Amino acid sequence: MRRPVAVFGGAYILTQLAAVSLPPAAFLPLAAAFVCGCIIACACGKRGTVRILPAAILIGFSVQCIGFTTQVQPALALVGRRVDTLAEVVSAEPGFAEDTARVRLKLTGTDSDGRNLAGVLVAVDVFPDCEAGQRFRVSLLAEALEEDDYLYSSLADGVYLEAECLESPELAGESGSILYALRRFQQQFAANAARYLPGDEGGVLAAVASGDKSRLPDDVVENYRAAGISHLLVVSGLHLSLVCGVFATRSGGRFRRLRALAALGLVLFMMALTGFTPSVLRAGVGALIFYTGDLFLLSADSLTSMGLAAVLISLQGPYAVCDLAFQLSFAAALGVVLAGGVLRSLRPDASDKKETPPLVKIRFYAADLLLPTVFAALFTLPVQLLGGLAVSGVSVLANLLALRLVGFCVVFGMLAGSCGFFPWLEFAARAFSLAGGLLAKLLNAIAAFCAALPLARLPLPREYTLIVLAAVGAVALCGWRLRFRRLACLAIAPLLLLGIVWAAVLQRDTVEIAVVGSAASPCVVAVQDRQAVVVFRGGDANAEQVREYLQSRGIERPQWVVDLRTGASSPPPEAVHTLSLKDFGVNEAHSAAVCDIMTTAIRLRKGCLVVLDIRGYKIAVPSGTANTGTPVQVDLAVTGSAAPGNLRAKTLLTRMACGWQAQQQCDLYYAPRSARVLIRPGRAVVLRGGTYALQQDPVA
């Protein structure tokens, strides 16, 4: 069997993903599918698959169970308990209030009951302003993580708990860990690279050279995200490959082993500089395998290196495979490797004595330029859709324009950062920084140009797009395996065009209601034909999630924002028109219409109420008690932690369980992570993202 390690790594990672996303009962049909796959493999004569796949699935599931038992369960046992111990700050970000921070703490001592808490990571939203590496004596109330859109991201980072400070933390010194020393070195390295440059160029140069994104302005990040090249701002396998290309060895070349040793040292340096992030770790392990083979005059296979790297990275924790950076990195690398296989089949035959026709050369050079970028974009598209990320329609163009510059930008940034540590090399640091800044300025211009193009943000429906991609991929694979390659290539474009046209027909006039933000005070976003209405409450975190959702739908600004807050200190999301209920009088109401969405907002004595009327289907968004005096009948009510006054709803949609919900004589739709309501006006209504909860009879 060819590439057994690659097959083992692929099956192992798929098993890990299934273990964290499927309930235990789902492994029965998974086992049945595995048996069928083994039978098919035996019939095809690929007996190696029968030996490798069972071992990969068994080991993957066993490692998952062991990791959950040894890492997750001890942390979950602390839920609801007070923890008094010593903790060190792993990461810190500015908090929502002044002089506060949102931190991740690593517990390092024992609690009052003598339990060993070493290594448990906890997220705390309100903590005194601090820096990574500082140690504190803390008193925490441990709680389970909120089941929101960021749940699996926290789990992938090894954070299984969130906590609230019961007493003011007491500073207890600094940690002596080498990881924090490396982080301080990274910050100084980034400062050296950006020292002589303006904010935009300096932030980009520091990011591509060291992975420190703290200096990046929000508008620059947004341009890169809209252009589909935000991965350039994070040191990843691409940057590692470009820099290590300096040490590319030729078969039989002089000093081959010395150059391999230099490349190994550079790989380890970049991995340490970026804090061993998953994307760099994946590429770093692959590069280490490659250059280790080169050191001993052996060859390395890309798919084998990826399979081995996948297994090693997944050993960090039972949820390591949930990290989006990890998934995007592997998907892009797999696309590039497969593009290389296609290119080898298209390469002109060098042994042919006749001169290769110019048209064949042009076709190969065009394929060599386009295929790696196109394959990387196609392979990462499903991961973007499943992860709820915005999809750019100009990513291929932006990558083609920017990739040639990134390698030089990384090299100049690293040279500037290195020379900045030596005062006698200040002139060299200035020169390298200036050269890197000019390239960064050009990269910013490319990102801004591509972000302004009409298809920069594609509002793709997730489930439908995944079905279309699966159908197109199946056709391409069957055609390739059956050697109808030209026919398969010709069929892909019509299938994609048919899928796009059919999607436009299905989506026309459909209203999508999204519930985003915190579970206690969620926001509601209604979108129809790229026009949006936002019912807003909460703070900056809710505003950011609203903006991200609108961008994923291809909307720059909503038509209306209805601000339910009566004492807010932060501004609502930017909109064409804004209704702020703090300016309303008691019992004063206003209405606004967008397409088929009629919005009515009223301020009450002890709260506010907004009703969205979509051709007779009414959705209520209450704030406070929202007591209108007479009962209000609606089809759906989106609630938070507070019980609405006299609202009468057929279905109650909530993101958090509360005691008052059991008293409601209606259906309860529970969507702890996210919820979507799809409405075909006058035809059908579908709720997605959660499940209907069983309601008990209300207590008299």
Side-chain angles (χ1 to χ4, degrees), residues 19-24 64-85 87 89-91 93 95-96 101-108 110-113 115-127 138-167 169 316-324 388 515-522 538 541-542 545 639-642 653-662 668-675 689-691 693-694:
V20 300
S21 59
L22 297 177
Q64 175 69 21
C65 294
I66 293 171
F68 186 85
T69 303
T70 58
Q71 298 181 35
V72 183
Q73 281 189 336
L76 296 181
L78 301 175
V79 172
R81 298 184 179 181
R82 174 174 176 146
V83 178
D84 298 309
T85 186
V89 180
V90 176
S91 64
E93 298 178 356
F96 300 120
R102 292 176 296 161
V103 301
R104 287 180 175 176
L105 301 177
K106 182 169 71 173
L107 309 185
T108 59
T110 59
D111 63 1
S112 57
D113 295 333
R115 288 189 298 264
N116 184 16
L117 306 176
V120 176
L121 293 178
V122 180
V124 182
D125 286 337
V126 181
F127 200 81
V138 295
S139 295
L140 306 173
L141 177 62
E143 301 172 354
L145 290 174
E146 183 180 343
E147 295 187 22
D148 56 12
D149 293 336
Y150 302 99
L151 173 64
Y152 282 105
S153 176
S154 298
L155 294 175
D157 292 337
V159 180
Y160 309 126
L161 296 172
E162 59 185 11
E164 176 186 354
C165 285
L166 299 178
E167 298 177 4
Q316 297 178 95
Y319 292 95
V321 293
C322 297
D323 186 76
L324 269 179
V515 182
V516 299
S518 66
S521 298
N542 276 15
Q545 291 193 43
T639 61
S641 58
L653 192 156
T654 181
R655 294 186 59 187
M656 65 183 301
C658 301
W660 59 265
Q661 295 165 357
L668 178 62
Y669 191 80
Y670 181 54
R673 294 186 59 198
S674 60
T691 56
L694 296 176

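Since we're looking at a predicted model, the values are computed, not measured. Excluded from the calculations below are hydrogen atoms, water molecules and symmetry mates; all remaining heavy atoms, backbone and side chain alike, are included.
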Step by step, work out the side chain to side chain contact (heavy atoms under 4.5 Å, CB included) result for Asn542 and Ser518. CA-CA 7 Å; Asn542 276 15; Ser518 66; 3.8 Å; yes
Working note: Leu155 + Tyr160, criterion side chain to side chain contact (heavy atoms under 4.5 Å, CB included); need CA distance, chi angles, decisive distance, verdict. CA-CA 6 Å; Leu155 294 175; Tyr160 309 126; 3.6 Å; yes
For Val103 and Ser91, run side chain to side chain contact (heavy atoms under 4.5 Å, CB included): C-alpha distance rounded to whole Å, both residues' side-chain angles, the deciding distance at 0.1 Å, then the answer. CA-CA 6 Å; Val103 301; Ser91 64; over 6 Å; no
Could you go step by step and tell me if Thr85 and Thr108 meet the side chain to side chain contact (heavy atoms under 4.5 Å, CB included) rule? CA-CA 7 Å; Thr85 186; Thr108 59; 5.6 Å; no
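Scanning all heavy atoms of the two residues, the minimum distance from Arg655 to Val515 falls at CD-CG1, 3.7 Å. In this structure, Cys658 and Gly640 approach most closely via the heavy-atom pair SG-O, 4.2 Å. Here the shortest heavy-atom pairing between Cys322 and Ala156 reads C-CB, 4.0 Å. Across Pro169 and Phe127, no two heavy atoms sit closer than the pair CG-CE1, 3.5 Å. When all heavy atoms are compared, the tightest approach of Glu162 to Glu146 is OE2-N, 3.8 Å. Nearest heavy atoms, Gly689 versus Ala671: O-CB, 3.8 Å.
Of the residues Leu121, Val122, Val89, the one that meets the side chain to side chain contact (heavy atoms under 4.5 Å, CB included) test with Lys106 is Leu121.
In this structure, the separation between CD on Gln64 and OG1 on Thr69 is 9.5 Å, given to the nearest 0.5 Å. Summarising the geometry, atom OG1 belonging to Thr639 is positioned 9.5 Å from atom CE belonging to Met656; distances are rounded to the nearest 0.5 Å. The line from CG of Leu76 to CG of Leu145 is 8.5 Å long, rounded to the nearest 0.5 Å.
Judged by distance alone, with hydrogens and angles left aside, the side-chain atoms of Gln71 form no donor-acceptor pair with the main-chain N or O of Gly317 at under 3.5 Å. For the pair Arg104 (side chain) and Ser154 (backbone), a donor-acceptor distance under 3.5 Å is absent.
Here the side chains of Val120 and Val83 are not in contact, with every heavy-atom distance at 4.5 Å or above. Side chains of Cys165 and Leu140 form a contact here, defined as non-hydrogen atoms less than 4.5 Å apart.
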